[in-house]
Colleague: 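Got a structure for you, questions after.
On a predicted model such as this, the values are computed, not experimentally measured, just so you know. Labels below follow one simple rule: chain letters A, B, ... track the order of the sequence lines, proteins then strands, and each chain is numbered from 1.
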Amino acid sequence: MIKWSKDKIDFLIKCKEIFEDREDILNEFNKEFSENITLKILQDTNTRFKLKLPYSNRRIKNNYKNLQKPQKIGGEVIKHSSDRVYIKINKNEYTPKQRYLYEIYNGVKLKKDEFIIFLNGDKNDFSKENLVKVSRYVNTSMGRNDFHKNDREMTLSRIKFCEWKENILTILGKER
Amino acid sequence: MNKEHNQYVYEVSIKEIEKLNNLTDEEMKNSNNLVRISQLKNNHILAIIKQQDLDYKNKDLSLRTTMYELRDQRNKVMKEHIALQEKKIDK
């Protein structure tokens, strides 16, 4: 907890004329007063005392790569830091690109319980031949058994296997 | 070998799915055995798939061990070479 005395405030006001970046002011302040404040504390102080310190432009520029520009409808966005591509379909609504393209390729509307698998394991290959629709059970079964492979034929044969298993379970479930 | 496995799994799965879809309600009620037989076949095919994965992993492991052994030999040769160079310099 830092106590803001008049000296410290005056020091910040002087630094405003010397430095152009808030991060430099922060470092100088910490050196001068042997403190260890953060940019967040400085930001709060700035608003509290109305100091009008310059922005931390370097940090903003560096973080800009991670910030997504607001997209138009139909625009692509990479989300969740996992490089998964989403497409904007409404003001605050995004859908995974593979679902969007599957609906266009096949002229269908996917339900919530229907998922899309990449046959060759390449999540950037959105070609029509590579996208396959599966049910929720098959999707979880493929993940649980580690059936996803980089070979199209192998993945397809395992999808059929899981569909067979699902069929058995539904029949047995009906009988019960 | 892998392609044959894949084709076998694919063909058997499709046949069994067709069989199960063609079962009438009466058949399902009367004979549970057909479905149970299909379930046993399914478990058998699962074992084949798992074996296929294990074989692949074993192959991968053996390739990696040979790679590390080769690297080890290379590193030894390089060490000997460096030792020889040092001796030359000392002379």
Colleague: For the residue pair A/Trp164 and A/Phe161, does the interplanar ring angle fall in the parallel (under 30°), tilted (30 to 60°) or perpendicular (over 60°) class?
Modeller: perpendicular
Colleague: Other members of the hydrophobic cluster containing B/Tyr56, with the 4.5 Å side-chain heavy-atom rule, please.
Modeller: none
Colleague: Quick one: of A/Leu156, A/Ile168, A/Asp151, A/Asn145, who has the most non-hydrogen atom pairs under 4.5 Å with chain B?
Modeller: A/Ile168
Colleague: For chain B, which candidate among A/Glu166, A/Lys165, A/Glu153, A/Lys149 shows the most heavy-atom pairs at distances under 4.5 Å?
Modeller: A/Lys165
Colleague: Against chain A, label B/Lys41 side chain, backbone, both or neither, depending on which of its atoms sit under 4.5 Å from a heavy atom there.
Modeller: both
Colleague: Looking only at side chains, do A/Asp125 and A/Asn120 share a donor and an acceptor under 3.5 Å apart?
Modeller: yes
Colleague: Among B/Val9, B/Asn43, B/Val12, which residue has the highest count of heavy-atom pairs closer than 4.5 Å to chain A?
Modeller: B/Val9
Colleague: A/Phe29 vs A/Phe11 aromatic rings, parallel, tilted or perpendicular, using cut-offs 30° and 60°?
Modeller: tilted
Colleague: Shorter than 4.5 Å, heavy atoms on both sides: which option in B/Ile14, B/Asp53, B/Ile45 has the most such pairs with chain A?
Modeller: B/Asp53
Colleague: Before accepting this row, confirm whether a basic side-chain N of the pair B/Asp60/B/Arg64 lies closer than 4.0 Å to the acidic partner's carboxylate O.
Modeller: yes
